[in-house]
Amino acid sequence: QYAGGKELAPNWIPEGYTCIDVSVQETPRALSISAIYEKDNDQLIVQIRQVFGTKPQQIEKSDNLIEIYNADGVDYYLFSNNESMQTAWLVGEYECLIIGKLTIGDMKKVIDSI
């Protein structure tokens, strides 16, 4: 998946995760592609959502924000969410999200593979 010359999906997922499902949902407002990976009882979710006709939402900073990590000119917002890491970023008309029980180091490796 590409947006404005930028890739959107990661090329690297931490060792041990297996893709168990890929789904596509389309509504008049958006097209969403989700991939779910599983390792033991943990899941890693990658979601890319193309928004039609309106600008994607802005990412709001919250108390759960750990860091804004910049890679290849894109700002990735890293949040803690209970026991999971969550990364959200915007590229053009795309809203992207990764959620999983990863270390911040592994999440950055996933981001660097995009």
Side-chain angles (χ1 to χ4, degrees):
Q1 189 74 284
Y2 291 90
K6 297 214 181 265
E7 215 168 299
L8 299 173
N11 293 310
W12 181 84
I13 298 295
E15 190 174 323
Y17 280 92
T18 303
C19 185
I20 61 165
D21 187 45
V22 175
S23 63
V24 178
Q25 285 187 316
E26 188 169 4
T27 67
R29 188 172 166 258
L31 172 67
S32 296
I33 301 169
S34 299
I36 300 173
Y37 299 84
E38 203 167 66
K39 176 183 174 182
D40 303 323
N41 291 325
D42 294 335
Q43 287 191 338
L44 177 66
I45 300 168
V46 178
Q47 184 179 63
I48 298 168
R49 186 170 176 249
Q50 181 181 16
V51 179
F52 305 127
T54 60
K55 289 187 175 183
Q57 297 179 4
Q58 291 185 347
I59 298 171
E60 294 184 24
K61 296 178 185 176
S62 74
D63 293 339
N64 296 335
L65 179 66
I66 295 173
E67 160 180 4
I68 299 172
Y69 180 68
N70 187 283
D72 197 27
V74 176
D75 286 334
Y76 295 84
Y77 293 77
L78 283 76
F79 297 91
S80 63
N81 187 1
N82 296 324
E83 296 177 16
S84 295
M85 285 289 302
Q86 180 173 323
T87 299
W89 69 101
L90 304 172
V91 177
E93 61 193 16
Y94 295 88
E95 300 173 348
C96 307
L97 181 67
I98 300 172
I99 301 170
K101 289 186 178 179
L102 301 180
T103 65
I104 194 164
D106 276 349
M107 185 62 86
K108 287 180 178 181
K109 285 180 186 177
V110 173
I111 290 167
D112 288 340
S113 77
I114 296 172

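The analysis underlying the following values was restricted to heavy atoms, covering all of them including side chains, and did not include hydrogens, waters or symmetry mates. All values reported here derive from a predicted model rather than from experimental measurement. For reference, positions follow the sequence shown, starting with 1.
Ile45 and Val24 are assigned to two separate hydrophobic clusters, defined by single-linkage of ILVMFWY side chains at heavy-atom distances under 4.5 Å. Put simply, Val51 and Leu97 are part of two different groups of oily side chains (I, L, V, M, F, W, Y) that touch within less than 4.5 Å, one to the next.
Considering CD of Gln43 and CD1 of Ile20, their distance stands at 5.0 Å, rounded to 0.5 Å. To the nearest 0.5 Å, the span separating SG on Cys96 from CD1 on Ile114 amounts to 7.5 Å.
Minimum heavy-atom separation, Leu102 to Met85: O-CG, 3.0 Å. Heavy atoms only, all atoms of each residue included: Gly100 and Leu44 are closest at CA-CD1, 3.9 Å.
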Result block: side-chain N/O donor-acceptor pairs under 3.5 angstrom for residues 11-18, not counting sequence neighbours:
from	atom 1	to	atom 2	distance (Å)
Asn11	ND2	Glu7	OE2	3.1
Asn11	ND2	Ser113	O	2.9

Side chains of residues 68-80: which donor-acceptor partners sit under 3.5 Å, not counting sequence neighbours?
from	atom 1	to	atom 2	distance (Å)
Tyr69	OH	Asp112	OD1	2.9
Tyr69	OH	Asp112	OD2	3.1
Asn70	OD1	Gly73	N	3.4
Asn70	ND2	Asp75	OD1	2.8

Report, one line per pair, each donor and acceptor closer than 3.5 Å where one atom sits in a side chain of residues 104-111; sequence neighbours left out.
from	atom 1	to	atom 2	distance (Å)
Lys108	NZ	Glu67	OE1	3.1
Lys108	NZ	Glu67	OE2	3.0

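Residues passing the side-chain hydrogen bond (donor to acceptor under 3.5 Å, both in side chains) test with Asp63, sequence neighbours excluded: none. Applying the salt bridge (Lys or Arg N to Asp or Glu O under 4.0 Å) test to Lys101 and every residue at least two apart in sequence or in another chain returns Asp42, Glu83.
Taking 4.5 Å as the limit, some side-chain heavy atom of Trp89 sits within range of a side-chain heavy atom of Ile98. Looking at Leu8 and Val91, their side chains come closer than 4.5 Å, going by heavy atoms from C-beta outward. Looking at heavy atoms from C-beta onward, Val46 lies in side-chain contact with Pro10 at the 4.5 angstrom threshold.
Just one of Arg29, Gln25, Glu93 meets the side chain to side chain contact (heavy atoms under 4.5 Å, CB included) condition when paired with Arg49; it is Arg29.
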>> Before you tell me yes or no, could you show the steps for Asp21 and Glu38 under side chain to side chain contact (heavy atoms under 4.5 Å, CB included), namely the whole-Å CA-CA distance, both residues' side-chain angles and the distance that decides it to 0.1 Å?
In response: CA-CA 9 Å; Asp21 187 45; Glu38 203 167 66; over 6 Å; no

